[in-house]
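Accompanying notes for the structure given below.
Residue indices begin at 1 and follow the sequence shown. Since the model is a prediction, treat every value here as computed from it, not as a measurement.
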Amino acid sequence: MKVKKLALAIAAASVVSGSALAGVLPDVQKNSAWYSTAQSKIDHKQHLTKLTKAKNVILFVGDGMGISTLTAARILDGQNKGQSGEEGFLSFEKFPYSAQVKTYNVDAQTPDSAGTMTAMISGVKTDAGVLGVNADIKRGDCSTVVGNELVTALELAEVKGLSTGLISTARITHATPGATYAKSADRNWEDVSDMPAAAVSAGCEDIASQLVNFEKNLEARYLGVDVDGIDVVMGGGRRHFLPKDAAFNSTDAVSAVEGDRTDGRDLTAEWQAHYPTGKYVMDQTGFDAVDPAATSQLFGLFNESHMQYEADRANDIAGEPSLTEMTTKAIDILDNNDKGYFLTVESGRIDHGHHAGNAYNALTDAVELSKAVQAAIDATNPEETLILVTADHSHVFTIAGYPKRGNPIFGKVVTVGKTTPSLAADGMPYTTLGYANGLGFRDLGAQTDAEVSYNEPALAGRQDLTNVDTSTPGFHQEVTVPLDSETHAGEDISLHATGPGAHLVQGVIEQSVVFHLINQSLGLIKE
């Protein structure tokens, strides 16, 4: 009995103590930066839940920017600023809302960019390798396109009277940008020379031609619709718009014959004829000369193929704008429309750096994407612009090995309390970053173009890195499985959101939900 009474007394004392403690925090806790920063995030979220409708939406896609890429890029960004790196945030990691996104295609466990971007921009998942069409299509079969076309957020924004923009550091006809405007049985049909004769004769249109004919095609598909075409288009891929004739070479052509088109069409001239007051530019000088206040439409093709890696951009012959510069210019043009705008921005070369097995270029481009997002934040009103930042898929890219905090992200693993690299069971040092498959080890020193790695066959397995500087731009990480290109991975990626409607970005979602988030904020579809 006495024991029971004692227990009750202790319980009562606990209740009293708890009541006395309610609303009171020790100074050591209350004054902690960790505590106050976390609370401010909650306060900001509560404010944003009141905002549901947006005037503008900007969708950023870091191609291949999986979670490990985000973590490593965050550390790199901090270390570039003289910090240890782990405590920092990329610009969009400060957004109040985020979700995990499942990336599989209808027919593929590990996806490709065509199917994933089609899901994000149309709200419908589809097969790998096809653009703007549903899974009832047969890849490579032109006859299956008709009747299976999907309408995209970019097209719906045009119909609504919003200004529209599309930016990519990859070829503008590549899978991710192509999914916003093209309907194609194969993502590789970038120009007519890439298509089988049967598809051409059957009337299927190549992706570059679909971009230039976007306005005409959209109006033909939906009777009574009157649009003015995509207002801003910038990226690489000039070769798909020019005839296969050296007379049409640009000043920074790297091939003897820059153009690939075998139908004799100069699509840049066709675009200019259709938009006589629009500006066509192909280099930094032309880009810099564009006055946003006086420009209604802009078409920029800054490279024969993909634009340069950010780390290699200074080596471009004619000069190229950065992703940040293109984003800022696009916003300055698009916000001339009082109705609002929809802008898609792809950092396409994160993906290519990973495929080449070169973390330096992949992460440097991811950091540049963070800067572009910050530029968008600075240029817009947070109460009228929804900004979404996501990826289409991830890569087989890892961060491991127990390096101590602040260890150089490109360096060899040095564990807590140590000053020299750790040795593996084979007696050799190893790096924090690595790939499960791909081309493997390269020691190319100061080389800033990751594509050089394709000049040599795949080299898998361990290498003695004792005397190798793994922090150089030209270092390519070791791999386990030798392949002629590193592959995508199948795990979830992240979605980050701020602005009107951002509070809906929570939980684990299908990739097709991204379209519905855009529609919810802009009201693209009349219910």
Side-chain angles (χ1 to χ4, degrees), residues 52-63 65 95 97-106 111-128 130-137 148-160 162-168 175-184 187 214 218 221-222 225 227 230 340-346 385-393 492-527:
T52 58
K53 295 299 180 182
K55 177 181 178 182
N56 318 303
V57 171
I58 305 175
L59 172 64
F60 285 93
V61 181
D63 197 317
M65 190 175 67
F95 287 1
Y97 294 96
S98 63
Q100 287 178 240
V101 183
K102 297 190 286 184
T103 63
Y104 65 93
N105 297 142
V106 170
D112 94 316
S113 298
T116 52
M117 188 59 181
T118 295
M120 285 192 278
I121 206 70
S122 73
V124 177
K125 280 194 175 246
T126 191
D127 290 345
V130 301
L131 297 174
V133 290
N134 66 23
D136 291 337
I137 195 172
N148 291 315
E149 301 99 327
L150 301 169
V151 66
T152 70
L154 184 144
E155 292 170 327
L156 289 167
E158 276 285 317
V159 172
K160 189 177 174 67
L162 305 181
S163 290
T164 55
L166 178 61
I167 295 170
S168 178
T176 303
T180 66
Y181 61 83
K183 320 298 174 188
S184 182
R187 59 173 285 179
F214 173 84
L218 185 58
R221 193 174 297 120
Y222 302 102
V225 164
V227 299
I230 307 174
Y341 60 82
F342 174 59
L343 171 64
T344 300
V345 181
E346 184 206 19
T385 303
L386 172 64
I387 300 178
L388 301 169
V389 184
T390 189
D392 46 0
H393 55 74
D492 298 352
I493 49 84
S494 59
L495 169 63
H496 306 261
T498 189
H503 62 284
L504 299 174
V505 177
Q506 298 186 42
V508 179
I509 62 174
E510 294 287 358
Q511 203 156 33
S512 48
V513 171
V514 174
F515 167 86
H516 297 278
L517 294 167
I518 297 168
N519 177 53
Q520 170 67 25
S521 289
L522 288 179
L524 298 176
I525 299 173
K526 295 179 180 180
E527 299 296 340

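Applying the side chain to side chain contact (heavy atoms under 4.5 Å, CB included) test between Val101 and each of Asp392, Asp492, Leu495 identifies Leu495 as the sole match. Each of Asn148, Thr152, Ile137 was compared with Lys183 under the side chain to side chain contact (heavy atoms under 4.5 Å, CB included) criterion, and only Thr152 meets it.
Distance check: Ile387 CD1 to Thr498 OG1 gives 6.5 Å after rounding to the nearest 0.5 Å. Rounded to the nearest 0.5 angstrom, Leu166 CG and Ile230 CD1 are separated by 6.0 Å. With values rounded to the nearest 0.5 angstrom, Met117 atom CE is found 5.0 Å from Thr344 atom OG1. Within the model, atoms CG of Leu218 and OH of Tyr181 stand 14.5 Å from one another, a figure rounded to the nearest 0.5 Å. Interatomic distance, Lys125 NZ to Glu510 CD, rounded to the nearest 0.5 Å: 4.5 Å. The OG atom of Ser512 sits 11.0 Å away from the CG atom of Leu150 when rounded to the nearest 0.5 Å.
Between the Thr118 side chain and the Leu131 main chain, no donor and acceptor come within less than 3.5 Å of each other. Within the 3.5 Å criterion, the main-chain N or O of Gln520 finds a donor-acceptor partner in the side chain of Lys53. Here the side chain of Thr390 pairs a donor or acceptor atom with the backbone of Ser494 at under 3.5 angstrom. Under a 3.5 Å cut-off, the side chain of Asn56 and the backbone N or O of Tyr341 do form a donor-acceptor pair. Proximity of a side-chain donor or acceptor of Thr126 to a complementary backbone N or O of Asn134 within less than 3.5 Å is detected.
Between Ala179 and Ala114, the shortest heavy-atom distance links the atoms CB-O, 4.4 Å. Taking every heavy atom of both residues into account, Gly501 and Ser521 meet most closely at CA-OG, 3.8 Å. Of all heavy-atom pairs between Leu154 and Phe214, the closest is CD2-CZ, 3.3 Å. The shortest heavy-atom contact between Ile493 and Ala391 is CD1-O, 3.4 Å. Between His516 and Gly123, the shortest heavy-atom distance links the atoms NE2-O, 3.8 Å.
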message: Under the criterion side-chain contact (heavy atoms from CB on, under 4.5 Å), I'd like the reasoning laid out for Met120 against Ile518: C-alpha separation, chi angles, the key distance, then a yes or no.
response: CA-CA 9 Å; Met120 285 192 278; Ile518 297 168; over 6 Å; no
query: Going through the checks in order, is the side-chain contact (heavy atoms from CB on, under 4.5 Å) test met by Arg221 and Glu155?
result: CA-CA 11 Å; Arg221 193 174 297 120; Glu155 292 170 327; 3.4 Å; yes
message: Would Ser113 and Asp63 count as a side-chain contact (heavy atoms from CB on, under 4.5 Å) here? Give the steps.
response: CA-CA 8 Å; Ser113 298; Asp63 197 317; 3.4 Å; yes
message: Could you go through Leu388 and Val505, starting from their C-alpha distance and side-chain angles, then the distance that decides it, and tell me whether this counts as side-chain contact (heavy atoms from CB on, under 4.5 Å)?
response: CA-CA 9 Å; Leu388 301 169; Val505 177; 4.2 Å; yes
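Considering only residues two or more places apart in sequence or on other chains, Lys55 meets the salt bridge (charged side-chain N to carboxylate O under 4.0 Å, His left out) condition with none of them. Residues satisfying the side-chain contact (heavy atoms from CB on, under 4.5 Å) test with Asn105, not counting sequence neighbours, are Asp107, Ala108, Pro111, Asp112, Thr116, Ala128. Not counting sequence neighbours, the partners of Leu162 by the side-chain contact (heavy atoms from CB on, under 4.5 Å) test are Ala157, Lys160, Lys339, Leu522, Leu524.
No side-chain heavy atom of His393 sits less than 4.5 Å from a side-chain heavy atom of Tyr104.
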